[in-house]
Amino acid sequence: MKRRGPRWRIQDSLAELGELANSARAQVIGSMFQRVDRPTNIYVGKGKLKELKELAQAGRFDTLICDDELTPTQQRNLENALGDVKVIDRTALILDVFASRAQTKEGRLQVELAQHEYLLPRLAGQWSHLERLGGGIGTRGPGETQIETDRRLVRDRIQRLKRSLEDVRRHRRLHRARRNSNQMPVASLVGYTNAGKSTLLNNVARADVRAEDRLFSTLDPITRRIMLPSGAPILVSDTVGFIHKLPPTVVAAFRATLEEIEESTVILQVVDISHRNSKEHVRVVEDILREMRLEDIPRILVLNKVDLLPDDVDPVEVAEEISSGFPGPFALVSATMGLGALSLLDTVDETLANVASGVQSAIV
């Protein structure tokens with residue numbers, strides 16, 4: 001489909017969609033795209049739909065994944081046109097990957113909330129294969145249809161999930177209040193998924209956080225206390241990774257987790273310097289931080305995986321190009337190799353000193 005931004009190549013977005021599909025244990029057999037001037041009620045044009053039908057009838061694929069969030073009408077029309085083929089969109093795929101990654105009760109609650117809010121407007125025509133949420137028999141009122149029952153059940157479940165997550169948020173606020181009373185600064189690791197945030201936390205904090213070379217390997221926030229070169233203590237928190245076209249439902253559902261970033265003294269934005277779209281990854285994260293109104297928190301651009309750059313490439317030149325326009329200093333590291341960690345912590349020390357001097361000036 002027609003890309004939304006002038007700087008993100010369609011092929012790169014589809015390649016990323018393929019990585020997401022692989023993370024969900026799907027086997028990708030091919031991809032295609034089409035430029036259209038305006039959205040249609042079946043998502044693709046007639047020619048592309050005919051091509052998809054022929055492939056489906058030949059048994060080439062049983063699931064179609066679209067690289068946008070489909071409207072309920074688009075999804076239903078595509079499924080009707082393609083017969084037995086299951087049609088899902090980028091949002092459903094991301095939520096499926098999230099569901100397989102969530103380990104804690106809080107993470108599972110947040111994923112389930114996002115899934116139900118995504119599902120609610122798509123119930124029409126799908127209730128027959130909807131996993132029953134309980135209470136179906138004997139709960140229908142006079143004349144109430146099955147779809148109305150399902151909608152009511154999903155809405156009730158959403159409200160229960162929101163109440164549970166509000167308890168989580170309340171607990172987190174109390175925890176942050178106790179933490180703030182100790183006046184200990186907080187550095188939050190944010191960045192594009194699979195940039196190496198968890199590996200970096202393991203490196204600087206001697207932590208034992210699960211770190212894998214795959215998208216969204218960590219969903220639940222993890223905090224560790226470390227000592228800076230100056231001798232000052234600081235808390236370092238790993239957070240959920242971001243991604244191109246991150247669904248608003250996910251951002252809203254993960255509010256309890258993302259609020260941790262709001263309390264940051266400094267944000268360490270981790271970027272895979274070896275990735276061909278590293279500059280676009282920086283822009284995506286900056287856009288999300290801006291939407292969350294966190295752009296005023298001091299930030300350090302942590303350019304990770306320098307060991308993966310070709311030998312004939314100057315890391316500093318690449319770093320200067322990627323960090324052009326970034327509102328803060330950059331640091332070159334290889335979390336896997338243990339390179340640059342001390343220099344990064346020195347930069348954190350300097351940034352905190354600047355923050356402290358700014359506060360003192362404001363008080364004076």
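None of the values given here were measured: they were computed from a predicted structure.
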Can you find a pair of side-chain heavy atoms, one from L52 and one from F61, that are under 4.5 Å apart? yes
Contacts of type side-chain contact (heavy atoms from CB on, under 4.5 Å), residue L345, not counting sequence neighbours: I226, L228, P229
Mind checking what makes salt bridge (Lys or Arg N to Asp or Glu O under 4.0 Å) contact with K162, not counting sequence neighbours? E117
Specify the closest pair of heavy atoms between G196 and K305, including all atoms of both residues, with the distance to one decimal. N-CE, 4.5 Å
Begin from the C-alpha positions of C66 and L78 and carry the test side-chain contact (heavy atoms from CB on, under 4.5 Å) through to its verdict. CA-CA 11 Å; C66 300; L78 264 177; 4.0 Å; yes
With a 4.0 Å cut-off, would you call R283 and D287 a salt bridge? yes
Identify, with sequence neighbours excluded, every residue that meets salt bridge (Lys or Arg N to Asp or Glu O under 4.0 Å) alongside R60. none
So if you build clusters from Ile, Leu, Val, Met, Phe, Trp, Tyr with side-chain heavy-atom gaps below 4.5 Å, do V28 and I65 land together? no
Identify whether I88 and F33 are in the same connected component of the hydrophobic contact network (ILVMFWY, side-chain heavy atoms under 4.5 Å). yes
Closest heavy-atom contact between M184 and I234? CG-CA, 4.1 Å
Closest heavy-atom contact between R225 and P233? NH2-CB, 3.4 Å
Salt bridge (Lys or Arg N to Asp or Glu O under 4.0 Å) partners for D346, two or more places apart: none
Which hydrophobic side chains are connected to F330, either touching it within the sub-4.5 Å cutoff or through other members that do? V271, I273, V282, L301, L303, V306, L309, V313, V316, V318, I322, F326, L332
Would you call the rings of H275 and H281 parallel, tilted or perpendicular, where under 30° means parallel and over 60° means perpendicular? tilted
Side-chain donor or acceptor of Q74 paired with backbone N/O of T40 under 3.5 Å: yes
Is it true that atom CE of M227 has more than 12 heavy atoms of other residues, nucleotides or ligands lying nearer than 6.0 Å? yes
Step through the shown structure and confirm whether more than 12 heavy atoms of other residues, nucleotides or ligands are within 6.0 Å of CG on D84. no
Residues L70 and D89: closest non-hydrogen pair is N-OD2, 2.9 Å
V270 with L339, same ILVMFWY side-chain cluster at under 4.5 Å: no
Between E263 and L235, does a side-chain contact (heavy atoms from CB on, under 4.5 Å) hold up when you go through it step by step? CA-CA 11 Å; E263 302 298 323; L235 296 174; over 6 Å; no
Under a 4.0 Å N-O cut-off, is there an ion pair linking E112 with R157? yes
For a side-chain contact (heavy atoms from CB on, under 4.5 Å) check, start with the C-alpha distance between L289 and E295, then their side-chain angles and the critical distance, and finish with the verdict. CA-CA 6 Å; L289 292 176; E295 67 271 21; 5.6 Å; no
What are the two closest non-hydrogen atoms of Q115 and A99, and how far apart are they? NE2-CB, 3.6 Å
Grab the two heavy atoms, one from L20 and one from V97, that are nearest each other, plus how far apart they are. O-CG2, 3.7 Å
I'd like to know if the side chain of S264 reaches the main chain of I261, judged simply by a donor and an acceptor atom lying under 3.5 Å from each other, with no hydrogens or angles considered. yes
Set of residues satisfying salt bridge (Lys or Arg N to Asp or Glu O under 4.0 Å) with respect to E51, sequence neighbours excluded: K48
Before giving the answer on side-chain contact (heavy atoms from CB on, under 4.5 Å), spell out for D67 and K245 the whole-Å C-alpha distance, their side-chain angles and the decisive distance to 0.1 Å. CA-CA 9 Å; D67 193 30; K245 299 180 183 177; 3.5 Å; yes
Does a salt bridge link K197 with D238, judged by any charged N lying under 4.0 Å from a carboxylate O? no
